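Notes follow the structure.
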Amino acid sequence: MAARPFRQFVVKVHSRCDLACDHCYVYRHADQSWRRRPRVMAPRIARATAERIAEHAAAHRLRRVTVVLHGGEPLLAGPERLSSMARELRRSLDGVAVLDLRMQTNGLLLDEAFCAVLARERIRTGVSLDGDRASHDRHRVRADGSGSYDDVVRAIRLLGRPAHRAAFAGLLCTVDVSNDPDAVYEALAELRPPRVDFLLPHATWDHPPPRPHGDADYADWLITVYDRWNADDRPFSIRMFESVEAAASGEAGFTEALGLGSPDLVVIETDGSIEQADWLKTVGEGAPATGFHVLSDTFDEASAHAGFQARTLGLDGLSEQCRRCPVVEICGGGLYGHRHRSGSGFGNPSVYCPDLLRLIQHVRAAPAPPRDTLSPADFTALTAGGERERTAVLRLAEAQLNLRRAMLAYLHQGGAGSAGTWQALLGMDGPALDAVLADPAMHAWAVAACAAIARGLDVPDTALLDGVALATAVHARRSLELPVRVGPSGVVTLPTVGRLLLPAPASRPPAGTVQVVADDGGARRADGGAAVWEPVRRLAVGGITLRLAHADDHRPTGAGGDRRPVARGTETGGTEAGRTGAERTDAGRTGTTPTDTGGTDAGPTEAWQRSLEAAWGILSPRQPHLAAALAAGVSTVVAVDGEPAEDAPRPPFGALVLPLSAPPEDLALALAREWQYAKFAALRDLYDLGGAGRDALRRAYVRLAVARAWRARPGDADRERAAHWQREVVAALGSFADEAGGSTAAGRRLAADIGAAARALDEGV
């Protein structure tokens, strides 16, 4: 197995610490090379490190690299040195790769000024906290033996404030089985971290971890936390558990402590030495050393070191006991350093082998975590229709909002967008942000953005994230000014609110940054320059108000801009990278088509309003429960020319694709049909409906709505049409049964509900 390029660079900016933790692997284990290192990384070493990272990224065409500022205690380097390091890295990587800059700290020196630096320099910071006061102060003490808990918690609360929270990456907790796992979990959860990393104490077979209660103490401790976390509906990410779940489902894990992947992490010490992961300091003096240096050697040259190469062997590099293990594909032998024993080196199982086995077996056997807020009755009501459907739709809408919030959190953790944008968003978190996240176009873009981060690609159209913050300010009736990078179209989109149109490309610099101000009156340029504010147009019908959206806002796309779904669980992907509905007519804005809902020409809008009112007047008395469900779940209309094809992609939940110029009877039928597409999109977001057979399931689900709509009409010919569509439902379910050899429980359950609902039509239910 060839070594992967390095993607994670741990940069030791300061080699000393202001705590004296007795479990520290840097100062309290076999390797004592820190005593010979300079305290602070010199500017020329920092510059060479940044240049070597950029050189490596360019050579391997990396789209994204992660740099972790570390120590010792990195805050001892001071805010000026950290700012200088951040600027040096960005300068070197500009035009080469996206920089994901992080830091791990004990937090003692964090104050308002330091937090402001972290937010400004986009240094996402993790803080070490071992739980409640007793748990934390058991090990993390000062040189005089006094505890550090109060100062650390003060720092975490400061970092978690809205002004700084964009820089808060999470908490690192070292497991001690003498601590109460429930008390530790509660103390961490109370601080509302975005993520928690649990770290097994670094140990080897020569120096094994304490086990006061048995050979799987650490598994029992972690299982208690895992079960508690699940019972609390997973209020934050826990990387260890999520990595086990990902590996168990065949995906790549998220931590080098588990899995068979080749290592992609390298350490640069304060003197410029290139080393292996520093947990190898537990093995022996000089164990992490490679003999390479940033002033004389490339990272490619360093990667040829036997220590890195030994970890590229995958299964072949593990002990015979590991290779026979039923969970080896998930465990991967555990952390490399934990396998060491004098005489046999690293050719052993992990010293935590019994713990890893028990934990993985428990996680695999645990029920799949709920991905929704729907009861079985609500799930069925969405298919069966009737008076329960509206209640089920309200819960479905809440689940969708939770999903969109989760994607926003993932983007935050993944480093998308600017610190100023996140600071503004976190400061306005609440109903105003929820109002913006309710826009289906936000869902479409977030899916593409999350997929890009997961693939290590650039996030498409990050200006939309700025637009989200500006739109949130409008809903919150607050004033907000942000720099927005504007593409060639000259459009700044504020989801749910409108868009700011800048002059034609000939009169402005391409892809320039413009200061935009938003308040309850909309958006404008901060410098008073030329721009047109175009508010979202709306249609009102049946007591609800619907936004008219641009068709391109919901166009499916991959992370590279190709128009295809980008993730399981979405009917569509995100917007096409760098493209909005306005861009289709930007060349002089030469007119309005029925699919372009922007502009100032109100003629089509008035005609569509009349057409929709007429269709609603037909639908509402025939299917009153359907009308109530539509009112509860639809926020947006995407106007198109003609009926969309059955297999055409549809927008996310909350939006309907409608031929608004169609005759009222046809439009009433389209409302019922497209609503079914919308619900199916939401169910796919929340449930794994399987792969093979899913398209047939979708056809059956949609045809059921068409059959029901024809059944609600009064004529004999209408009943014949209803019978035809019922047969189409049965045929689609037959295809599902033929194709769904690997179907999921949720897919089979939905198929059963569709079949029951189709039979109920014959029975007059």
Side-chain angles (χ1 to χ4, degrees), residues 94-95 416-418 420-421 424 436 439 441-442 444-445 448-449 458-475 478-538 547-555 557 561 574-605 638-639:
D94 184 35
S418 69
T421 296
V436 180
D439 187 351
M442 270 303 304
W445 173 80
D458 292 338
V459 172
D461 194 12
T462 54
L464 189 61
L465 196 58
D466 302 324
V468 171
L470 293 165
T472 302
V474 174
H475 283 283
R478 291 168 57 175
S479 179
L480 175 65
E481 180 176 338
L482 283 178
V484 180
R485 189 168 181 81
V486 182
S489 69
V491 177
V492 178
T493 301
L494 279 64
T496 74
V497 177
R499 55 189 191 166
L500 192 65
L501 308 177
L502 303 180
S507 61
R508 68 169 188 275
T513 298
V514 176
Q515 290 289 131
V516 177
V517 177
D519 52 31
D520 59 0
R524 63 186 185 279
R525 287 177 61 163
D527 62 4
V532 175
W533 171 243
E534 181 182 282
V536 166
R537 292 208 215 163
R538 305 180 190 276
R547 292 186 295 274
L548 277 168
H550 294 273
D552 283 4
D553 287 349
H554 304 277
R555 189 171 295 190
T557 172
T575 57
E576 187 175 354
R579 182 175 172 88
T580 69
E583 292 181 57
R584 294 177 294 109
T585 56
D586 188 65
R589 297 192 57 79
T590 57
T592 303
T593 71
T595 56
D596 185 356
T597 60
T600 57
D601 179 11
T605 307
V638 182

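All values derive from a computational prediction rather than experimental measurement.
- Of all heavy-atom pairs spanning L465 and A416, the tightest one is CD2-O, 3.9 Å.
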- Give the C-alpha distance, both sets of side-chain angles, the deciding distance and a yes or no for side chain to side chain contact (heavy atoms under 4.5 Å, CB included) between Q515 and R525. CA-CA 6 Å; Q515 290 289 131; R525 287 177 61 163; over 6 Å; no

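- Here the side chains of L500 and V532 are not in contact, with every heavy-atom distance at 4.5 Å or above.
- With contacts defined as side-chain heavy-atom distances shorter than 4.5 Å, the pair T496/V436 qualifies.
- For R524 and D519, the salt-bridge test passes: some basic side-chain N is under 4.0 Å from an acidic carboxylate O.
- H475 has its side chain out of reach of D520: every pair of non-hydrogen atoms, C-beta onward, lies at least 4.5 Å apart.
- Using a 4.5 Å heavy-atom cutoff, the side chains of V514 and P483 are not in contact.
- Nearest heavy-atom pair across L502 and A531 is CD2-CB, 3.6 Å.
- We find the CH2-OG1 distance between W445 and T493 to be 12.0 Å, quoted to the nearest 0.5 Å.
- Taken from OG1 in T421 to CG in D466, the straight-line distance is 3.5 Å, to the nearest 0.5 Å.
- Counting heavy atoms from C-beta outward, V516 and L470 have side chains that approach closer than 4.5 Å.
- With contacts defined as side-chain heavy-atom distances shorter than 4.5 Å, the pair V536/L548 does not qualify.
- Rounding to the nearest 0.5 Å gives a distance of 6.5 Å between OG of S418 and CG of L482.
- By the 4.5 Å heavy-atom criterion applied to side chains, M442 and V468 are counted as neighbours.
- Rounding to the nearest 0.5 angstrom, the gap separating the OG1 atom in T605 from the CZ atom in R537 is 3.0 Å.
- In this structure, W533 and L494 have side chains that are in contact, with non-hydrogen atoms separated by less than 4.5 Å.
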- Message: Using the rule given for side chain to side chain contact (heavy atoms under 4.5 Å, CB included), can you reason through R478 versus T472, listing the C-alpha separation, both sets of side-chain angles and the distance that settles it, and then say yes or no?
- Response: CA-CA 9 Å; R478 291 168 57 175; T472 302; over 6 Å; no

- Message: Please determine whether side chain to side chain contact (heavy atoms under 4.5 Å, CB included) holds for the pair L501 and V491, giving the CA-CA distance in whole Å, both sets of side-chain angles, and the decisive distance to 0.1 Å.
- Response: CA-CA 5 Å; L501 308 177; V491 177; 3.8 Å; yes

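- Taking CZ of R538 as the reference point, atom CZ of R547 lies at 6.5 Å (rounded to 0.5 Å).
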